[in-house]
Amino acid sequence: MTTTIVKTRNHWRITAILIALFVVVLFVVANAHLIFVAIQSQPDCVPHAKSGSDGAHRAARSSC
């Protein structure tokens, strides 16, 4: 093999590895963001019906 062919193969190999690393890092960052948003956006307690006599749905057990 000539040195030009070897350099071209190494260039493509490095490029492929960098693209794969970028995709993995992007995936990890996106999942970390989803976890952060899920933890930070806990809603406060809201008033709910204490009895379901009027046919409305109510909370099974209040967390407040």
Side-chain angles (χ1 to χ4, degrees):
M1 283 192 204
T2 64
T3 58
T4 306
I5 294 173
V6 173
K7 286 181 181 180
T8 303
R9 283 189 180 178
N10 285 339
H11 175 70
W12 282 110
R13 181 174 291 169
I14 291 171
T15 303
I17 290 171
L18 288 175
I19 290 172
L21 285 174
F22 177 74
V23 169
V24 169
V25 168
L26 183 67
F27 181 77
V28 169
V29 169
N31 281 314
H33 178 260
L34 287 175
I35 292 170
F36 175 75
V37 169
I39 291 171
Q40 294 299 316
S41 65
Q42 293 294 326
D44 292 331
C45 290
V46 294
H48 60 277
K50 296 292 182 187
S51 64
S53 61
D54 59 350
H57 296 286
R58 64 181 184 93
R61 185 182 316 164
S62 177
S63 63
C64 302

* Which other residues end up in the same hydrophobic cluster as Val29, if Ile, Leu, Val, Met, Phe, Trp and Tyr are linked when side-chain heavy atoms come under 4.5 Å apart? ->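 Val25, listed by chain and number.
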* Asked: Apart from Leu18 itself, which Ile, Leu, Val, Met, Phe, Trp or Tyr residues share its cluster (side-chain heavy atoms under 4.5 Å, direct or through members)?
  ->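 For the cluster that includes Leu18, the remaining residues are Ile14.
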* Of Val23, Asn31, Val24, the residue whose pairing with Phe27 passes side-chain contact (heavy atoms from CB on, under 4.5 Å) -> Asn31
* By side-chain contact (heavy atoms from CB on, under 4.5 Å), which residues pair with Ile17, not counting sequence neighbours? -> Arg13, Leu21
